[in-house]
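Take a look at the structure set out below.
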Number of protein chains: 4
Amino acid sequence: MKALVYHGPGQMRLEDRPMPFIGLATDAIVKITKTTICGTDLHILKGDVPSCQPGRILGHEGVGIVAEAGAGVTGFAKGDAVLISCISSCGKCEYCRRGMYSHCTSGGWILGNSIDGTQAEYVRIPHADTSLTKIPPGADEEALVMLSDILPTGFECGVLNGKVAPGCTVAIVGAGPIGLAALLTARFYAPARIIMIDLDDNRLATAMHLGATDTVNSSDGQAVAAVLKLTDGRGADTVIEAVGIPATFELCAEIVAPGGTIANIGVHGTQAALHLERLWDRNITITTRLVDTISTPMLLKTVQAGTIDPQKLITHRFTLDAIADAYDTFGHAADTRALKVIITA
Amino acid sequence: MKALVYHGPGQMRLEDRPMPFIGLATDAIVKITKTTICGTDLHILKGDVPSCQPGRILGHEGVGIVAEAGAGVTGFAKGDAVLISCISSCGKCEYCRRGMYSHCTSGGWILGNSIDGTQAEYVRIPHADTSLTKIPPGADEEALVMLSDILPTGFECGVLNGKVAPGCTVAIVGAGPIGLAALLTARFYAPARIIMIDLDDNRLATAMHLGATDTVNSSDGQAVAAVLKLTDGRGADTVIEAVGIPATFELCAEIVAPGGTIANIGVHGTQAALHLERLWDRNITITTRLVDTISTPMLLKTVQAGTIDPQKLITHRFTLDAIADAYDTFGHAADTRALKVIITA
Amino acid sequence: MKALVYHGPGQMRLEDRPMPFIGLATDAIVKITKTTICGTDLHILKGDVPSCQPGRILGHEGVGIVAEAGAGVTGFAKGDAVLISCISSCGKCEYCRRGMYSHCTSGGWILGNSIDGTQAEYVRIPHADTSLTKIPPGADEEALVMLSDILPTGFECGVLNGKVAPGCTVAIVGAGPIGLAALLTARFYAPARIIMIDLDDNRLATAMHLGATDTVNSSDGQAVAAVLKLTDGRGADTVIEAVGIPATFELCAEIVAPGGTIANIGVHGTQAALHLERLWDRNITITTRLVDTISTPMLLKTVQAGTIDPQKLITHRFTLDAIADAYDTFGHAADTRALKVIITA
Amino acid sequence: MKALVYHGPGQMRLEDRPMPFIGLATDAIVKITKTTICGTDLHILKGDVPSCQPGRILGHEGVGIVAEAGAGVTGFAKGDAVLISCISSCGKCEYCRRGMYSHCTSGGWILGNSIDGTQAEYVRIPHADTSLTKIPPGADEEALVMLSDILPTGFECGVLNGKVAPGCTVAIVGAGPIGLAALLTARFYAPARIIMIDLDDNRLATAMHLGATDTVNSSDGQAVAAVLKLTDGRGADTVIEAVGIPATFELCAEIVAPGGTIANIGVHGTQAALHLERLWDRNITITTRLVDTISTPMLLKTVQAGTIDPQKLITHRFTLDAIADAYDTFGHAADTRALKVIITA
């Protein structure tokens, strides 16, 4: 089968690889229909993710059709249309029982990382019963690809952890796909104000289109002042970090209101400064989280109900044969204005 | 001044009454600009509310201008435009400190009940600092009259207590003003489905206009079957009772899903049957609540942000001189299709 | 093997029955070491539980040793000492994913009800990975039998649902084993007062021994007055119903404080009156729940830490051969002062 | 009257000062019976608290008798025995209405900081109705001095924010008075394990005496390894920082379990490093908080119920005339083994 294989920093190739097969009775093999590329895939290509070794098929998002189900799989059968969660969960370990699938002792984020992933014609999904979700008849498959990772990540790590609530003020630092996913799902809770902060005016314009009430281009270094002005000096109740560098995290800490929450989504590669001398008496909360994908069934309901339209995050489409172009387009988002790209296998 | 006075069951008169005056330093006198009539006022007129004695000026909703502020009032001054909460709260007692203003030991629902109310040219507001809310410049005063009682009641007693959540299914029994207020504020949480149940097709049509996804006319006695059909046999996650009679409460208990919540808003005059033999193992929650009006500042933000438009609940307008006509119109809602009536003082 | 078999109302016999065998790969066969009798077993014997048909082996509590594990069982192996949960859960269905194992679509309370139970030498446990808990070396097995049902039931249905909190006042109606389990686990949250209400002075004395601060013998019909007197007229913040008849439920509604919670544990056979005309404005919550056994791992930690001593609930010991005597002793608790009886298989 | 006055870094004097008087109608004058010294007072004396200017009477803790109540005070009268909260709250502003008294717009921590404090014969208490608590007859006044600051601080900032729960593992870094207050109140929630970490073996011994299950002397630089060993490599569910320097905060981040919480109590003077590169995917929460004293009524109930004995934190007693000795003793705690010192006025 065709598969996109990582060969060390800066190197990847679409290759012919053997078909995956059922290893454990709880595995399923899924024929990929559509997949996509995540910012994390770019991190891997930079060599920033040591758990992902050369030879690995990339990708942790996608929808497809069950090609084969192991003998222990009870919820899915050959031919079922399924959504693949970026997180594999056994449903049995202490973390899974607590709803913290991200830390499943035999799962977590392994797809396209420590086991082969979804940017291929077929993929093996471990713990299939608790890592796949059935796609209802007639659903928009492209939209559902956004439910593999980006929407649960924006929602769980940003919106839920950030305690977005009716009437509150939300600030989101970073208007890339993840920041926009947080924006879309923050609107579930009717905040009075969503302030989007980024360096790129195009992305800020997209954010306004998707429901932001205000935008701040932080390239002039005056973002703190701008947010404080918009909030009568109070700051934002919820601040969502969707970039992953010290400067943006530290910006969050300067614009959070007393009693507010900073919800980190960004994947960080280095430490940040935490100004406890200013924050110790501000009654704030800071959260980190690797997405658990516990909200996938709920998100599917909102997509089916038309409450949210994830299609709005899709800007480009490619075939699996042209996946190199897809990476190129996604990797140069400032020029291409790419958000999420759909790859049809 | 002119005031609508209750004179015992079935009797009320617009009369000339002495101006109210500051009794305690924490009182304020408010010149009423706009007020309205509540279903509870009709209950009083039927003689169902013994705490409200003949001679009482009715009304517990309204907006106005501070005419005089007691020496102990620090947050408001003469000339301030204010929203009056139906609940008076001292901010000091154990219940107020817990956010349960409805049970304030020197307040609670006293306006137009145990002290004179707002259907008059002037009203005395006890505990003014913690019972009034400033109206921002340019706000729509008519819309804000809906924040005195009906919107916080629908929201706190129905939506908050009912734990409405993204993707969930809500059923609201009763599409009168309170049920519709619950509907409007339930939408803050992006439920996938809001099923409205009533006997009156006009009100159900209004509910669809305000965002219901489905309606059930219960006049054929088949409401339970209809709701179960709409929910694949599960029932609704949140069921809101907005009528106040045993039959509607008992209906709620038949359509609540396992793990769901019945949030009672209705003012009940008699006991209902609780079928514990069916419910004991269903993991359900039943709540009651007299509105605390703790959500008023938040609701004001959502009105100012345009997230919610309470104007949609207003169907008729009268002057204080014609308040008898207003009662007549509001009291015959099935014929007049009245929801909330605005009375300009 | 020997097993206690139900043969219709009033009839049960210790018989020789075939050994259970692995049906599904996720099953395990457990050799019972110790089991016990639950009030629900008495209900079955009265014919009150139609889902339990004649021919059924009774019992849903116990500890034992894994005799055989199906091919799909990954967490347990032959020889493991295990605690059996009264609730079987697949870990995969919507309810299990929400932590509501009681409503597992292929589990729930089935042991000794719709499938054969634990009052036998061997039992088949479906969904073994998610329905068994490993027993740490050196643990007190008798104490752990209390973790199959009674302690999680008292804790989840009574204490957790009842929102017991530091400094609060708890009233528990019913000082039988379940009420006492609620008492023991209520103490996890340092309530200032735990008032125990029962008709039996012996049980009330036991309650005092286990940490109640006050007792009320309700046989004089003055329990409401007594509780109000103990609470300066306020009532209790948490009221736990641990009997299961209309009179005790209705008592709960009379002694709950404004803002308080009534947490029902009792198994009810008939409807109760809900006095909404008194309760609609009292801001109360009523909950029902079939135990989910989600707290079993936590309870095990508290037993191992010595925070709680479930041995205190054990009053009698029998062998499996003498299980008829055990039922007799447990069924005449008023005379025998039995709480929980241990049966060694 | 006699009062301890701050005269700039390193300087304080017991002096004769004019009696305080009612400024606003909501003020009360309290004759101090007993007061104490807080670590924050030592910070002021080092010149670390710029809001506290020379000439200020120090102290923000104490009990006393109301000597005079302003005309607007309704809850207290001359002669009432009262507990003084270290936080003054108006009960009216947005923050007070949200229960965040620490950020009251006309209060917060002002006593002995921006207004004169309690280390004197008399003190003026602003917002008396919402900043004082009545002392029940017969209560232990010395014990209640611990409720002015240290117990609500340990409880709210450490235990509540840290989400201590039955069966969990708590680690507390710092066994000074605040860390010990966190320990005492953590026990409200029946954690299975409380690990106390400090450099001082005497304080660790005290911690064991007060209910810690394990201690770690961190002077060997091996505290991380020691805590991980005690927790099977997982770390602690709740980690409470009760020191206030970067090293201890950073230690907390190394011993928190996935899904756990770091609750900061320490008053920090400088930034700390936040290793987001290790924490971003660990699902952790970090909280900061200036005590709100919302838990004071609850804590009073637990003291009255005997659930907690704050006397255990008191090591020394002085008269107001000897307050310089009290500071000396408290300031050299390593030598004197002082925890809290009681000063009788």
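All heavy atoms count here, side chains included; hydrogens, waters and symmetry mates do not. This is a predicted model, so every value here is computed, not measured.
- Remark: of the listed residues A:Ile110, A:Thr296, A:Ile125, A:Ile125 is the sole one forming a side-chain contact (heavy atoms from CB on, under 4.5 Å) with A:Ser131.
- Inspection of the A:Asp149 and A:His60 side chains reveals an N or O donor paired with an N or O acceptor under 3.5 Å.
- Heavy-atom pairs under 4.5 Å with chain D were tallied for A:Met100, A:His275, A:His103; the largest tally goes to A:His103.
- Proximity to chain D (any heavy atom under 4.5 Å) is shown, for A:Glu156, by neither the backbone nor the side chain.
- Between chain A and the residues D:Leu276, D:Thr285, D:Asp292, the largest count of heavy-atom pairs under 4.5 Å involves D:Leu276.
- Residue with the most contacts toward chain A among D:Asn161, D:Thr270, D:Val291, D:Ile262: D:Thr270 (heavy-atom pairs, distance under 4.5 Å).
- To the nearest 0.5 Å, the span separating CZ on D:Arg289 from OG on D:Ser102 amounts to 7.0 Å.
- Contact of A:Arg278 with chain D is not made at all, since no heavy-atom distance falls under 4.5 Å.
- Most heavy-atom pairs under 4.5 Å with chain D: of the set A:Ile265, A:Thr261, A:Leu279, A:Asn264, this distinction falls to A:Leu279.
- In this structure, the side chain of A:Ser148 engages the main chain of A:Ile84 through a donor-acceptor pair within 3.5 Å.
- For the set A:His268, A:Arg98, A:Arg282, the count of heavy-atom pairs under 4.5 angstrom toward chain D peaks at A:His268.
- The shortest side-chain heavy-atom distance between D:Leu274 and A:Phe249 falls under the 4.5 Å cut-off.
- Of the listed residues D:Asn283, D:Thr287, D:Leu290, the one with more heavy-atom pairs under 4.5 angstrom with chain A than any other is D:Asn283.
- When atom types are taken as modelled, the side chain of A:Asp237 and the backbone of A:Val164 share no donor-acceptor pair closer than 3.5 angstrom.
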